[in-house]
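These notes concern the structure reproduced below.
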2 protein chains.
Amino acid sequence: MAPNFLSRKLRNFMHLDKIDLALLDSVISKTRTVAAHVDLISEGEKPSDVHLVLQGFACRYKILQDGRRQIMAYLVPGDICDLHVFLLDHMDHSLGTLSTCEIVDLPRTVVLELLDRPNIARGLLLSTMVDEGTLREWLVNIGQREAEPRVAHLLCELLARLRSVGLVSDQKYTLPLTQVELADTMGMTPVHMNRVLQSLRRKALISLESNQLTVLNSKRLESEAGWNPNYLHLRKVAAAAAE
Amino acid sequence: MAPNFLSRKLRNFMHLDKIDLALLDSVISKTRTVAAHVDLISEGEKPSDVHLVLQGFACRYKILQDGRRQIMAYLVPGDICDLHVFLLDHMDHSLGTLSTCEIVDLPRTVVLELLDRPNIARGLLLSTMVDEGTLREWLVNIGQREAEPRVAHLLCELLARLRSVGLVSDQKYTLPLTQVELADTMGMTPVHMNRVLQSLRRKALISLESNQLTVLNSKRLESEAGWNPNYLHLRKVAAAAAE
DNA sequence: CGCCCCGTTGAGGAACGTCAATAAGAGTGG
DNA sequence: CCACTCTTATTGACGTTCCTCAACGGGGCG
């Protein structure tokens with residue numbers, strides 16, 4: 001059976017007992033495969049389910065009148081979106097896949113079931129707060145850092161987040177994104193994104209080919225990025241990674 | 001007695017009965033005055049209270065190693081921050097005043113009391129989701145828009161938010177911020193901020209003197225900004241403004 | 001009066017965007 | 001297996017936005 005990325009993630013925050021883990025396993029039993037570049041829900045629609053990503057990359061994004069797109073968050077395996085989304089009567093942004101994904105749709109009743117377990121509830125609320133902290137960090141990143149440290153910061157973040165759910169080995173992870181998508185994430189043009197990646201490669205900080213990203217020199221990459229992982233609130237990273 | 005900006009704000013989202021309103025009034029009875037440019041809580045500290053702003057502007061912000069500052073959110077009268085902040089063991093950003101403020105510190109017990117009232121709870125959760133939506137919109141704003149529409153967008157947002165708590169009349173509101181602070185909000189330099197404001201004035205879209213901002217031509221300002229208020233989820237703006 | 005903060009303005013430079021062309025690879029149908 | 005097409009990555013030349021540095025003026029306040 002595929003690993004339960006949701007419980008992996010929550011265990012970064014809270015201890016989960018057998019009942020919790022069994023519930024989390026049952027919840028992810030009904031997955032569906034979604035092709036790349038498909039919306040899970042679009043701006044303006046009424047939210048129905050909470051979405052959970054078990055494989056692949058999804059994102060939140062918004063499209064402006066002139067066609068420009070801003071990607072505002074990545075959802076990677078274990079990530080859940082908008083616990084309280086049922087309160088809203090329309091989505092103010094869209095949710096879509098970037099790569100092929102395995103998705104679980106959680107209807108309201110199942111979410112309430114999860115929130116009935118105190119430690120799961122605390123874990124989910126903490127995850128939500130971390131998502132918010134991540135969003136703030138992205139704002140800082142785009143608002144204050146120049147292109148190269150900005151991209152370096154994103155790559156550091158993904159290293160930490162994917163490691164926390166066991167998706168990093170040998171400083172390497174799968175980054176199933178095109179340079180256009182990365183550019184739309186970082187608020188820059190694809191051309192400039194390309195040049196920044198070239199530069200990071202030339203400095204031997206990373207390698208990136210066929211969607212495999214390797215951090216060759218994490219110390220220098222982190223210093224270039226001004227990296228500080230405190231906003232991820234990962235207290236038990238090493239333990240979780242070892243499982 | 002000073003108007004209860006918290007109930008004004010929540011009434012944009014939910015109907016509140018007399019008991020709700022009385023509770024909200026009792027909760028804001030013990031305010032304190034905080035001078036401008038004082039931290040309510042700093043990055044790294046352990047959160048103790050939830051903060052509620054009743055007067056003035058406060059903000060969330062982060063300072064980078066090189067001294068650059070990014071302001072990530074404004075808190076205006078009626079705004080409350082981080083309902084669930086007690087879950088975190090350290091702040092990943094700071095909270096400080098921008099102008100002189102009236103602040104209420106809500107200890108955990110009082111927050112729980114508020115959450116016991118279903119409609120207040122829904123209103124508070126909705127506010128939280130709107131805050132998140134606002135943060136996302138700021139990311140879009142900084143990531144995708146050039147300086148002038150970016151600033152225009154901020155001014156439109158403040159017009160809508162302040163109007164929703166009754167702080168706008170004649171398209172005019174108090175904006176107690178320096179150009180340096182506005183620049184740190186928008187991810188640009190104070191010099192450029194100044195030039196953008198000049199340009200908006202020259203086009204007769206706004207006037208801004210001694211902290212009084214007047215929107216002279218909201219239609220054109222909104223079109224310049226690409227303004228779409230859907231992320232504020234304000235369903236009853238007109239009614240609230242009329243009270 | 002003098003100081004400091006804030007707003008304003010100018011000149012020059014760096015970062016990033018735009019436009020355009022080419023290459024390289026993946027999938028498709030013949 | 002090859003021709004074809006489409007997407008993605010790459011590179012160059014050039015333009016624009018925004019930043020940097022610097023100077024000056026005005027108002028509030030001790």
Side-chain angles (χ1 to χ4, degrees), chain A residues 35-38 57 64 66-71 97-100 141-155 174-203 206-213 224, chain B residues 35-38 57 64 66-71 97-100 141-155 174-203 206-213 224:
Chain A
H37 312 117
V38 170
F57 273 47
L64 303 188
D66 61 2
R68 300 166 69 106
R69 170 177 65 165
Q70 176 69 43
I71 292 176
T97 57
L98 290 166
S99 66
T100 304
N141 201 29
I142 292 190
Q144 298 299 329
R145 283 192 260 265
E146 299 200 330
E148 201 166 312
R150 194 188 301 174
V151 173
H153 191 279
L154 177 67
L155 298 178
T174 301
L175 183 68
L177 307 176
T178 67
Q179 293 184 1
V180 172
E181 289 160 343
L182 288 169
D184 284 348
T185 306
M186 300 307 256
M188 60 178 86
T189 58
V191 171
H192 202 59
M193 184 74 221
N194 180 280
R195 292 187 168 123
V196 168
L197 288 173
Q198 300 291 340
S199 168
L200 291 174
R201 278 192 274 240
R202 229 177 302 115
K203 295 181 181 173
I206 62 162
S207 94
L208 174 55
E209 33 188 329
S210 56
N211 291 341
Q212 293 302 306
L213 189 128
E224 167 99 20
Chain B
H37 313 119
V38 170
F57 272 47
L64 303 188
D66 60 2
R68 299 166 69 104
R69 170 177 65 166
Q70 176 69 43
I71 292 177
T97 58
L98 290 166
S99 66
T100 304
N141 201 27
I142 292 190
Q144 298 299 328
R145 283 193 259 266
E146 299 199 332
E148 200 166 314
R150 195 187 300 175
V151 173
H153 191 278
L154 177 67
L155 298 179
T174 301
L175 184 68
L177 306 177
T178 66
Q179 293 184 2
V180 172
E181 289 160 344
L182 288 170
D184 284 348
T185 306
M186 301 307 254
M188 59 179 86
T189 58
V191 171
H192 202 58
M193 184 75 220
N194 181 280
R195 291 183 169 127
V196 168
L197 288 173
Q198 299 291 341
S199 168
L200 290 173
R201 278 192 274 241
R202 227 177 304 115
K203 295 180 181 174
I206 63 164
S207 94
L208 173 56
E209 31 188 331
S210 56
N211 291 341
Q212 293 302 305
L213 190 128
E224 167 100 19

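Each chain gets a letter, A, B and so on, in the order the sequences are listed, and its residues count up from 1. The figures that follow rest on heavy atoms only: side chains count, while hydrogens, waters and symmetry mates do not.
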[X]: side chain to side chain donor-acceptor pair (under 3.5 Å) partners, not counting sequence neighbours:
X      : result
B:Q179 : B:N194
B:R201 : none
B:S199 : B:E148
B:Q212 : B:T174

Which two nucleotides bound the region of DNA chain D that has atoms under 4.0 Å from heavy atoms of chain A, read 5' to 3'?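 Contacts span D:dT8 to D:dA13, reading 5' to 3'.
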Qualifying residue, where the test is side-chain contact (heavy atoms from CB on, under 4.5 Å) with B:L98 and the options are B:L177, B:T185, B:T178: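 One option only clears the test, and that one is B:L177.
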Near DNA chain C, counting only heavy atoms under 4.0 Å, which residues of residues 181-191 of chain A show up?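 Contacting residues: A:G187, A:M188, A:T189, A:V191.
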Start and end of chain B contact along DNA chain C [non-hydrogen atoms, under 4.0 Å]: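 Going 5' to 3' along DNA chain C, contacts run C:dC6 to C:dA11.
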Taking all non-hydrogen atoms of both residues into account, name the closest pair between B:T100 and B:A36 and its distance.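 Here B:T100 and B:A36 meet closest at N-CB, 3.7 Å.
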Compare every heavy atom of B:P149 with every heavy atom of B:R145, then report the nearest pair and how far apart it is.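 Of all heavy-atom pairs spanning B:R145 and B:P149, the closest is CD-CB, 4.0 Å.
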Between B:R145 and A:N211, which residue's closest nucleotide on DNA chain D lies nearer the 5′ terminus?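 Here A:N211 is the residue nearer the 5' end.
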Taking salt bridge (charged side-chain N to carboxylate O under 4.0 Å, His left out) as the test, write out the residues that go with B:R150, two or more places apart.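 Per chain and number, B:R150 pairs via salt bridge (charged side-chain N to carboxylate O under 4.0 Å, His left out) with no residue.
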Does A:E224 reach the side chain of A:H153, with side-chain heavy atoms less than 4.5 Å apart?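 A:E224 vs A:H153: side chains apart.
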Looking at side-chain heavy atoms only, is the closest gap between A:L155 and A:L213 below 4.5 Å?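 Of all side-chain heavy-atom pairs linking A:L213 with A:L155, at least one is under 4.5 Å.
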Pairing residues for A:T97 by the side-chain contact (heavy atoms from CB on, under 4.5 Å) criterion, not counting sequence neighbours: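 Checked A:T97 against side-chain contact (heavy atoms from CB on, under 4.5 Å); matches are A:V34, A:V38, A:L40, A:C101.
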Under 4.0 angstrom, heavy atoms only, what part of the nucleic acid is B:R202 near: base, sugar-phosphate, or nothing?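 Nothing, no heavy atom under 4.0 Å.
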Difference in axis direction between the ends of the helix from C:dC1-D:dG30 to C:dG30-D:dC1, five pairs, 10°: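 For the helix from C:dC1-D:dG30 to C:dG30-D:dC1, the axes at opposite ends meet at about 40°.
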Give me each pair satisfying salt bridge (charged side-chain N to carboxylate O under 4.0 Å, His left out) with a member in residues 180-198 of chain B, each pair once, sequence neighbours excluded.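 Of all non-adjacent pairs touching residues 180-198 of chain B, those that pass salt bridge (charged side-chain N to carboxylate O under 4.0 Å, His left out) are B:R69-B:D184.
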B:S99 side-chain N/O to B:F57 backbone N/O, donor-acceptor pair under 3.5 Å: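 Flag set: sc B:S99 to bb B:F57 pair under 3.5 Å.
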